Amino acid sequence: MSRSEEILNQVFSNVVQNKCIIRDSEPLMEKFVPEAFPNRDDQIRSIAEAVSPVLIGRQPSNLSIYGKTGTGKTAVTRWVLSRLADKAKENSVSNLQICYVNYRILGGPYRIIVELCKQLGIDKINKIPCSGLALGELFDRFREGLDSQKKTIILVIDEVDWCIEKERGKPQGNNLLYDLNRIQLSQSKIVIIGIANRESKEWLDAGTLSTLKTEEVHFLPYNATEIGDILRQRANLALFGAVLDEGSINVCAALAAAEHGDARRALNLLRVAAELAIRRNNKSITEKHVRDAENSIDFDRVIQTLKDLPAHMKALIISVFAIGETKVVDSSQHTTGRLYETYSKLCKQMIMPPLTQRRVSQLINEMEAMGLIHAVSLNLGHYGRTKKITLGVAPSTIIIALEEHPVYGDIIRSHLPFYA
DNA sequence: CCTCCACCGGAAAGCCGGGTCA
DNA sequence: TGACCCGGCTTTCCGGTGGAGG
């Protein structure tokens, strides 16, 4: 058999194999909205009860939905609201509109309002530019447009706790939630549903919290059994009958439950495990595939994070790497001051002006939060206080991620005399 | 007990690129 | 075309901080 034929054979048999394992990959994707939500009866009932007054023309109270990632907050909320919209149509309630925005993705109050104007179709009529206006002016145009539509708007703001990050330090009157809640409408009504990772009293100031008058719905993390239920439900839709055994489901569920009951992670694990099985020409998905999938997901994520770092963060992590690779094993080498020295030299080498120590200290904290480095506060008494900074990922990971880089690649090699 | 080191980290302001408006 | 706005990144300023050394 020729080389070319071998390649063809491989590709074709992979496709045939794929046909034997994955029927439809959609149900394993994050954006898939199922028809049933196992173990979420209470939450479905609470949300439905809270919003249902719109069906008889009454104003529902605001709603605050909170829970960790992958607990089904967004999916359940969107599903309940889409059913509410259907019911409203059946009952000839024609003025209901549901808007959905994600605070973190849109990144700030200005873009949120612009997006809302688009969804409501008032961007054309009231001339809403995508930037350039003063926030107050933008808000006024939004309010006028909204009011003229004579509608009841259910506004879902996902990841709404990010507004604290973005709007920190601004007076209460500049807070988007506060403004939306106090908006003066004569012909329209607006109901705010906030979805957050934390309980609202943890991130919202007391003043806004009390004016919002929200009801709270809590999504508890799934336990391993519940994640197992979800995996079985989705596997039935996505995979062929006998390719997945109970053992693999349990491992998948246990790994995701150990994190914090994240169903999204469990589904991702299952999908990658299925892809591994296909790639290895296996007929079914085994526990080994699931465990390998976990390692591969973690590894890929770190590599991608490193590759995506901005220039100065890359220079910093290379500096931490370089200090760690020097022969002198002395903890005084790992201090902030020493790191700043190394980093400054590196910047000069690259003809890039170094940032100030203050900014670097900020970047160090960010990188610690990302898990790329460890920074432990250290008291050296008369010799001041500092942080001991070490790599949070294996040096080999740094090498793999950055060795292709035109400049950092050389630096990595120069610090590793025996690096081939 | 006081000093002093080597930083930490909050607050505020500056800079810059991308945009609108009259 | 100049005034103005926004958001992100960065600098400047400055008040802590906790324990070894004097």
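Since the model is a prediction, treat every value here as computed from it, not as a measurement. All chains are named by letter (A, B, ...) in the order of the sequence lines, taking the proteins before the strands, and each is independently numbered beginning at 1.
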In whole Å, I'd like the distance from the [atom1] atom of [X] to the [atom2] atom of [N].
X: Leu316(A); N: dT10(C); atom1: CG; atom2: P; result: 11 Å
X: Leu135(A); N: dC6(C); atom1: CG; atom2: P; result: 5 Å
X: Leu378(A); N: dA20(C); atom1: CG; atom2: P; result: 11 Å
X: Met313(A); N: dT10(C); atom1: CE; atom2: C1'; result: 13 Å
X: His334(A); N: dA6(B); atom1: NE2; atom2: P; result: 19 Å
X: Ile113(A); N: dC6(C); atom1: CD1; atom2: C1'; result: 12 Å
X: Tyr110(A); N: dC4(C); atom1: OH; atom2: P; result: 17 Å
X: Glu137(A); N: dC4(C); atom1: CD; atom2: C1'; result: 12 Å

Please collect all side-chain hydrogen bond (donor to acceptor under 3.5 Å, both in side chains) contacts where either partner lies in residues 370-382 of chain A, sequence neighbours excluded, each pair once.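 Checked against side-chain hydrogen bond (donor to acceptor under 3.5 Å, both in side chains) - neighbours excluded - the pairs reaching residues 370-382 of chain A are Asn379(A)-Arg385(A).
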With sequence neighbours excluded, what pairs up with [X] under the ring pair (Phe, Tyr, Trp, His ring centres under 6.0 Å) test?
X: Tyr100(A); answer: none
X: Tyr110(A); answer: none
X: His260(A); answer: none
X: Phe219(A); answer: none

Does a donor on one side chain sit under 3.5 Å from an acceptor on the other, for Arg265(A) and Asn268(A)?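 Side chains of Arg265(A) and Asn268(A): no pair found under 3.5 Å.
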Is it true that Gln59(A) and Lys189(A) share a donor-acceptor pair across their side chains at a distance under 3.5 Å?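 Checked: Lys189(A)/Gln59(A) side chains show no N/O donor-acceptor pair below 3.5 Å.
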So does Asn365(A) get a side-chain nitrogen or oxygen closer than 4.0 Å to the phosphate oxygens (OP1/OP2) of dG9(B)?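 For dG9(B), OP1/OP2 do have a side-chain N/O of Asn365(A) under 4.0 Å.
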So which pairs with a foot in residues 21-66 of chain A pass ring pair (Phe, Tyr, Trp, His ring centres under 6.0 Å), sequence neighbours left out?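 Non-adjacent pairs meeting ring pair (Phe, Tyr, Trp, His ring centres under 6.0 Å): Phe37(A)-Trp79(A), Tyr66(A)-His218(A).
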Sequence-distant partners of [X], side chain to side chain donor-acceptor pair (under 3.5 Å), two or more places apart:
X: Asn39(A); answer: Asp229(A)
X: Gln43(A); answer: none
X: Gln349(A); answer: none

Which atom pairs link the protein and nucleotides 14-19 of chain B when you take only N or O atoms and keep those under 3.5 Å?
| residue | atom | partner | partner atom | Å |
| --- | --- | --- | --- | --- |
| dG19(B) | O4' | Ser131(A) | OG | 3.3 |

Global bending angle along the helix from dC1(B)-dG22(C) to dA22(B)-dT1(C), which compares the axes of five pairs at either end, to 10 degrees: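 The value is 30°.
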Where along residues 344-363 of chain A does a heavy atom come under 4.0 Å from DNA chain B, residue by residue in number order?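 By residue number: Gln357(A), Arg358(A), Ser361(A).
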Toward the 5' end of DNA chain B, by each residue's nearest nucleotide, Gly384(A) or Lys387(A):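 Here Gly384(A) is the residue nearer the 5' end.
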Within a reach of under 6.0 Å around NZ of Lys151(A), are more than 12 heavy atoms found that belong to other residues, nucleotides or ligands?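 Correct, the count exceeds 12.
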From dT17(C), dC7(B), dT10(C), pick the nucleotide closest to the side chain of Thr336(A)?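 The closest nucleotide is dC7(B).
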Please compare His382(A) and Arg385(A) by the position of their nearest nucleotide in DNA chain C and report the one closer to 5'.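 Looking at DNA chain C, the more 5' nearest nucleotide goes with Arg385(A).
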